[in-house]
Amino acid sequence: MSLEIYNSLARQKEPFEPVEPGRVHMYVCGPTVYNDAHLGHGKTYINFDIIFRYLRYLGFKVRYVQNITDVGHILDTGEDRILLGAAREQMHPMELVETYTRRYFRDMDRLNILRPDISPRATGHIPEMLEWIANLIKTGHAYEANGSVYFDVGSYAEYGKLSGRRLEQAQSGTRVQIAEEKRRPEDFALWKKAEPEHIMRWNSPWGEGFPGWHIECTVMSVKYLGLPFDIHGGGVENKFPHHECEIAQAEAVTGNSFVKYWVHNGMLMIRGEEMHKSLGNFITLEEAFERWDPMVIRFFVLQSHYRGPLDMSEEALDGAARGLQRLRSTLRAVRRRIQSAPPGESPAELTTLLESGREAFEASMNDDFNTPNAIAALFELSRGINAWLDQGQGITQEALEAVDSLLERLMGEVLGLLPEGLEDEMEPGLGRELIELLIQARSALREQRAFEAADAIRDQLAELGVQLQDSPEGTTWTMA
RNA sequence: GGCGACGUAGCCAAGUGGUUAAGGCAGGGGUCUGCAAAACCCCCACCGUCGGUUCGAGUCCGACCGUCGCCUCCA
């Protein structure tokens with residue numbers, strides 16, 4: 001069975017066939033860097049990180065481009081997020097943008113999201129945008145008006161094909177602020193004339209100004225990925241107008257189809273509502289990391305399908321933490337035994353178990369990146385492995401290594417849940433030696449059946465976050 | 001008003017029309033253990049409501065109720 005992807009343009013799952021065999025070119029709309037990244041960014045970029053990782057796992061050579069939007073875009077108040085942020089923090093706009101770009105990558109790194117191959121910045125591509133806009137004017141799809149340039153949506157018959165909107169049904173501007181210089185309300189800005197107080201400004205054939213929001217993605221994606229390219233991703237909230245406009249700009253001027261597969265992920269909700277500062281439920285990733293391990297957040301996100309909305313609550317996160325712990329404990333148990341296990345071949349029944357686990361995992365991932373099902377397969381695999389370890393037969397070095405390598409691939413390489421091994425594997429050092437010293441002392445007490453003293457040590461270590469586990473082979477410990 | 005998504009156990013969440021509706025958390029009962037913990041075994045849903053199509057529907061169609069997103073340069 002091979003990979004199928006839900007294509008928003010076709011509104012159905014389609015077999016995945018890249019434009020160029022063996023290679024995949026994908027683009028995902030990146031953040032506007034005027035503030036700290038929040039949980040919603042976390043979900044989105046985890047969702048696309050999985051697509052990136054799984055395509056690589058399947059053997060494709062992938063080029064992943066994700067832009068950094070560092071040009072301010074106008075709010076309906078006429079203000080600009082980046083200029084507002086710069087004023088707030090007493091920084092030059094480019095200083096603000098640089099600060100939050102770095103913080104964005106820092107947060108993404110903690111979630112073990114692989115960095116895109118190219119992170120182009122809008123401000124670094126102004127000449128290319130000017131060129132593209134000029135082409136649109138030349139081909140009759142855009143017009144200049146009062147120092148700004150607008151795309152003429154009437155000139156592109158297929159406008160609306162992604163979002164399912166038709167121009168006739170567009171509301172005649174009840175809420176859309178209509179710039180009087182536009183020919184029709186749905187026309188969108190490619191270039192905006194800069195008012196005198198606007199700091200971020202560039203020269204153009206139409207005077208000083210700054211680019212419209214949609215043009216950067218079209219220009220940068222085509223520049224680095226060619227035309228057409230395979231996958232364009234982003235949050236559903238960007239389907240309209242952003243992605244619709246990208247298609248119009250790209251296809252009107254080139255006559256080519258722009259993107260083969262449009263992929264949209266669902267929103268993150270907090271107790272049933274979209275995250276909003278005004279609702280008081282806005283949580284930055286930095287804040288979330290104080291409460292939950294980044295891998296717990298990642299795991300939680302992966303336990304739902306990328307296309308659906310995900311409702312986040314403390315209870316749900318805590319539940320995810322326990323589940324992840326269980327998966328990790330299997331791997332831990334396996335790794336702990338590798339050194340001391342006898343050499344010898346892997347028993348056939350284990351091989352069968354691993355093989356069917358891998359097949360179930362891949363079948364789920366092939367079905368439009370169904371990570372919840374893939375994780376279910378991992379839990380079943382984990383249960384099988386634990387049972388195999390419990391029964392004690394055929395636990396050879398080779399067998400344990402086979403388990404380790406499969407889990408490392410599926411849980412680590414594909415799902416990204418094992419950043420650098422297991423973080424509770426404390427480095428050798430004084431702390432570790434002290435813990436082991438205490439365990440030795442406690443074992444001696446247990447041999448003397450001084451259980452009260454032995455239990456006291458166990459309880460106090462537990463309070464410090466060190467969980468002891470007694471077994472016939474001795475006592476092991478983990479950091480809770 | 002227009003476009004679209006979704007409503008599955010206490011919580012989270014999968015589910016190509018067809019034998020017993022995944023998986024995780026929580027909960028209950030066991031095995032193991034000096035006791036715990038971990039692990040393993042067992043138990044725990046008739047799928048928002050009402051109709052319809054079908055031999056057969058959580059899965060298709062319609063209506064209704066509810067939630068959410070977009071139509072405002074939010075991931």
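Every value quoted in this text rests on a predicted model; they were computed, and no experiment measured them. All chains are named by letter (A, B, ...) in the order of the sequence lines, taking the proteins before the strands, and each is independently numbered beginning at 1.
For B/rC73 and B/rU16, the P atoms lie 36 Å apart once the distance is rounded to whole Å. Rounded to whole Å, the C1' atom of B/rG58 lies 10 Å from the corresponding atom of B/rG17. Rounded to whole Å, the P atom of B/rA57 lies 24 Å from the corresponding atom of B/rG23. Separating the C1' atom of B/rU19 from that of B/rA26 is a span of 31 Å, rounded to the nearest Å. Atom P of B/rU20 sits at a distance of 27 Å from the matching atom of B/rC6, rounded to the whole Å.
Relative orientation of the A/Trp213 and A/His242 rings is parallel, given thresholds of 30° and 60° on the angle between their planes. Note on ring orientation: taking the six-membered ring where Trp is involved, the planes of A/His243 and A/Trp262 are tilted (angle from 30° to 60°).
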(message) Using a 4.0 Å heavy-atom cut-off to protein, can you give one letter per nucleotide of nucleotides 18-34 of chain B, 5' to 3': B if the base is in contact, S if only the sugar-phosphate is, - if neither?
(response) ----BBSSS-------B
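Of the residues in residues 42-54 of chain A, those placing a heavy atom less than 4.0 Å from an atom of RNA chain B are A/Thr44, A/Tyr45, in numerical order.
Base pairing analysis places B/rC32 opposite nothing; no Watson-Crick or G-U wobble pair with both distances below 3.5 Å involves it. In this structure, B/rA57 makes no Watson-Crick or G-U wobble pair, since no nucleotide meets both defining distances under 3.5 angstrom. Pairing partner, B/rG7: B/rC65, with both Watson-Crick or wobble hydrogen-bond distances short of 3.5 Å.
For A/Tyr45 and A/Tyr104, the ring centers sit closer than 6.0 Å to each other. Here the two rings, on A/Tyr34 and A/Tyr100, have centers that are 6.0 Å apart or farther. For A/Phe210 and A/His198, the distance between ring centers is under 6.0 angstrom.
Counting non-hydrogen atoms under 4.0 angstrom, A/Leu468 reaches a base of the nucleic acid. Nucleic acid contact for A/Asn238: sugar-phosphate only, since backbone atoms but no base atoms lie under 4.0 Å from a heavy atom of the residue. The residue A/Phe300 sits close only to the backbone: its heavy atoms come under 4.0 Å of sugar-phosphate atoms, none of a base. Residue contacts for A/Leu310: at a heavy-atom cut-off of 4.0 Å it reaches the sugar-phosphate backbone alone, with no base atom in range.
When the side-chain nitrogen and oxygen atoms of A/Thr32 are compared with OP1 and OP2 of B/rA75, one or more of them lie within a distance under 4.0 Å. Applying the 4.0 Å criterion to OP1 and OP2 of B/rC40, one finds that A/Asn386 has a side-chain N or O inside that range.
Inspection of the A/Glu216 and A/Thr69 side chains reveals an N or O donor paired with an N or O acceptor under 3.5 Å. A side-chain donor from one of A/Tyr306 and A/Asp368 sits under 3.5 Å from a side-chain acceptor of the other. Remark: the A/Trp191 side chain and the A/Ser204 side chain contain an N/O donor-acceptor pair separated by less than 3.5 Å.
Both tests hold for A/Arg183 against A/Tyr143: distance to the six-membered ring centre under 6.0 Å, angle to the ring axis within 45°. Within the cation-pi definition used here (under 6.0 Å to the ring centroid, within 45° of the axis), A/Arg446 does not qualify as a partner of A/Phe451.
Each of A/Gln469 and A/Arg11 lies near RNA chain B, and the nucleotide nearest A/Arg11 is the one positioned closer to the 5' end. Summary of the strand contacts: A/Ser471 and A/Gly235 both lie near RNA chain B, and taking for each the nucleotide with the nearest heavy atom, the more 5' one is attributed to A/Ser471.
Candidate nucleotides B/rA39, B/rA75, B/rA13 were compared by shortest atom distance to the side chain of A/Cys29, and B/rA75 ranks first.
At a cut-off of 3.5 angstrom, the base of B/rA75 holds at least one donor-acceptor pair with the side chain of A/His38.
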Close N or O pairs between protein and nucleotides 67-69 of chain B (under 3.5 Å):
from: B/rG69; atom 1: OP1; to: A/Glu274; atom 2: OE1; distance (Å): 3.3

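A ring-ring contact (aromatic ring centres under 6.0 Å, His included) with A/His214 holds for exactly one of A/Trp132, A/Tyr150, A/Phe188, A/Phe240; it is A/Phe188.
Side chain of A/Arg201 to backbone of A/Glu195: a donor-acceptor contact under 3.5 angstrom is found.
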